Amino acid sequence: MVECAQARLVDETGAENVEFLTLDVESEPLPGPFNAAFSRMGVMFFDRPEVAFSAVRAALEPGGRLAFVCFAAPAANPFITVPTGAALARLGGAPVPPPGAPGPFSFADPDRVRSVLETAGFESVEVNPGPDEVTLGPADRLEQLARQALEQNPQAMMAMAANPDARDSAVAAAAAALGEHVTDGEVRLGAGTWVVEARAPGA
């Protein structure tokens, strides 16, 4: 993904002032200082979020801004739960991670988000609702959309790896479930999110 991004940057923009780094935020020092940090659907997978966010805060200049988008509760995200639930019914289920465990919904609780960020040293933490619907794609590509949905879900991937013989059946079930949510030729479902903003102290 990083190599692809580097190639696109050169091919499409010609920009030379962008640097790509692959680092473990929980264990490797970050460069800096930066005036902002942003993540789109990535921070929910930290094993030690307080440690990771402390490292991000330390890499920001005083008053530097943090912003990220994360998923709200599973019930607010049928675009995930509808295909995954249908697939898991064929696969025999999979262990449900406890609340707060690394995964898509680890920051579903806004109070936990605030607590983690404040523990990491951030101030002025705000958690507000973000976009609440997603268009997955055209209805004539249900199987492809179902495969994409399952491949992006750790719980579904674990279940398919444990029961490979039922993989095709699980994808078919997920496709059928998505087919029940077609509007004007497009698969559309709810997608609840939080838009989170905070600042490093010192400004």
Side-chain angles (χ1 to χ4, degrees), residues 1-2 4-5 8-9 12-13 18 25 34-46 49 52-53 56-57 60 64-88 96-97 99-118 120 122-157 174-200:
M1 291 175 67
V2 171
C4 179
R8 289 184 61 183
L9 181 75
E12 298 178 14
T13 71
V18 179
V25 180
F34 301 110
N35 61 7
F38 172 76
S39 173
R40 179 180 179 272
M41 304 301 181
V43 297
M44 305 94 71
F45 299 95
F46 289 138
F53 281 115
V56 173
R57 190 257 309 148
L60 291 173
R65 180 186 177 198
L66 168 70
F68 64 84
V69 182
C70 61
F71 288 123
N77 283 281
F79 93 100
I80 296 175
T81 58
V82 165
T84 301
L88 292 178
V96 177
F105 303 112
S106 68
F107 285 156
D109 181 355
D111 289 336
R112 179 172 188 257
V113 174
R114 294 186 186 94
S115 176
V116 167
L117 293 181
E118 289 171 357
F122 281 98
E123 300 176 345
S124 304
V125 179
E126 295 186 12
V127 183
N128 295 300
D132 59 4
E133 185 181 65
V134 64
T135 299
L136 295 181
D140 59 2
R141 294 170 46 207
L142 285 176
E143 182 176 336
Q144 180 180 351
L145 297 178
R147 288 185 183 278
Q148 291 175 345
L150 298 180
E151 289 171 356
Q152 293 172 359
N153 186 277
Q155 188 180 11
M157 289 298 291
L178 290 177
E180 297 178 5
H181 298 271
V182 175
T183 302
D184 297 330
E186 301 280 350
V187 179
R188 298 178 185 170
L189 296 101
T193 57
W194 297 119
V195 176
V196 183
E197 297 180 85
R199 290 193 178 275

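Because the structure is a prediction, the values reported are computed rather than measured. Hydrogens, waters and symmetry mates play no part in the numbers below; they use all other heavy atoms, side chains included.
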> Can you name the residues that form a side-chain contact (heavy atoms from CB on, under 4.5 Å) with R40, not counting sequence neighbours?
Replying inline: F38
> Does the side chain of V196 come within less than 4.5 Å of L117's, by heavy atoms?
Replying inline: yes
> Does a side-chain heavy-atom distance below 4.5 Å link P138 with E186?
Replying inline: yes
>> According to side-chain contact (heavy atoms from CB on, under 4.5 Å), who are the partners of D111, at least two apart in sequence or on a separate chain?
In response: D109, R114
> Which residues satisfy the side-chain contact (heavy atoms from CB on, under 4.5 Å) test with S124, sequence neighbours excluded?
Replying inline: none
> Is a donor on one side and an acceptor on the other found under 3.5 Å between the side chain of D132 and the backbone of G190?
Replying inline: no
>> Counting C-beta onward and ignoring hydrogens, is there a side-chain heavy-atom pair between F122 and L60 closer than 4.5 Å?
In response: yes
>> Would you say that V56 contacts F68 through its side chain, given a criterion of any heavy-atom pair below 4.5 Å between the two side chains?
In response: no
> For V125 and E118, which heavy atoms make the closest approach, and how far apart are they?
Replying inline: CG2-CG, 4.1 Å
> Taking 4.0 angstrom as the limit, do R8 and E12 come out as a salt bridge?
Replying inline: yes
>> Just so I know, are the side chains of V69 and M41 near enough to count as touching, which here means a heavy-atom distance under 4.5 Å?
In response: yes
> Excluding sequence neighbours, so at least two apart, what forms salt bridge (charged side-chain N to carboxylate O under 4.0 Å, His left out) with R57?
Replying inline: none
>> Using only atom types and a distance under 3.5 Å, with no angle test, would you say the side chain of N153 pairs donor to acceptor with the backbone of A156?
In response: yes
> Under a 4.5 Å cut-off applied to non-hydrogen side-chain atoms, are R188 and H181 in contact?
Replying inline: no
> Taking side chain as C-beta onward, heavy atoms only, is F105 less than 4.5 Å from C70?
Replying inline: no
>> Please report the interatomic distance CG(N128) to CD(E197), rounded to the nearest 0.5 Å.
In response: 7.0 Å
>> Taking ring-ring contact (aromatic ring centres under 6.0 Å, His included) as the definition, give me every residue that meets it alongside F79, ordered by chain and number, with sequence neighbours left out.
In response: F71
> Residues two or more places apart in sequence or in another chain: which of them pass ring-ring contact (aromatic ring centres under 6.0 Å, His included) with F46?
Replying inline: F53
> Can you tell if the side chain of V25 reaches within under 4.5 Å of the side chain of V43, non-hydrogen atoms only?
Replying inline: no
